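First up is the structure itself, then whatever we jot down about it.
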Amino acid sequence: RFVALRSLAPRVVAGLRPAAGQGPVWARGYSSEATSRIDSMVKDNNLFVFMKGTPDAPRCGFSNAVVQILNAHGVSPEKLEAFDCLSDDEIREGVKEYSDWP
């Protein structure tokens with residue numbers, strides 16, 4: 001199941017692996033490549049964070065807050081799987097739809 005961790009750090013999206021047979025509904029016309037990449041990132045990892053920057057070098061306060069929260073729960077930045085949304089605009093916009101972000 002995909003879960004947005006909005007309650008932990010507003011406006012930062014993190015995901016847990018979706019349950020079998022439960023995927024997002026894509027309402028916007030993102031490329032099938034972007035859809036496939038996002039789906040793969042989420043499904044292939046137990047915990048995955050879409051953030052600005054990287055776990056060892058967050059580029060905004062919200063991303064840093066998520067890293068710190070996860071670190072407090074025993075998830076070190078080295079073990080955290082993440083994607084820098086600033087590196088790809090299509091993924092950055094597509095993940096909003098994937099997570100049903102307003």
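Note that the structure is a prediction, hence the values are computed from the model and not measured.
- Under the salt bridge (charged side-chain N to carboxylate O under 4.0 Å, His left out) criterion, Asp56 pairs with no residue at all, not counting sequence neighbours.
- Atom CD1 of Ile91 sits about 4.0 Å away from atom CD1 of Ile38, to the nearest 0.5 Å.
- Here the options are Val67, Val49, Val66, the test is side-chain contact (heavy atoms from CB on, under 4.5 Å), and the partner is Pro58; only Val67 passes.
- A donor-acceptor contact shorter than 3.5 Å is absent between the side chain of Ser36 and the backbone of Ser32.
- Distance check, rounded to the nearest 0.5 Å: CG of Leu47 to NE2 of His73 gives 11.5 Å.
- Residues Val95 and Cys85 share a closest heavy-atom pair of CG1-SG, 4.4 Å.
- A pairwise comparison of heavy atoms in Met51 and Pro55 identifies SD-N, 3.7 Å as the closest pair.
- Distance NZ/Lys52 to CZ/Phe83: 14.0 Å, rounded to 0.5 Å.
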Exercise. Where do Tyr98 and Thr35 land on the side chain to side chain contact (heavy atoms under 4.5 Å, CB included) test, with the steps shown first?
Worked result: CA-CA 8 Å; Tyr98 192 95; Thr35 303; over 6 Å; no
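- Here the straight-line distance linking atom CZ of Arg59 with atom CG of Asp84 works out to 6.0 Å at 0.5 Å rounding.
- Proximity of a side-chain donor or acceptor of Asp88 to a complementary backbone N or O of Glu90 within less than 3.5 Å is detected.
- How far NZ of Lys79 is from CG of Asn46: 12.5 Å, rounded to the nearest 0.5 Å.
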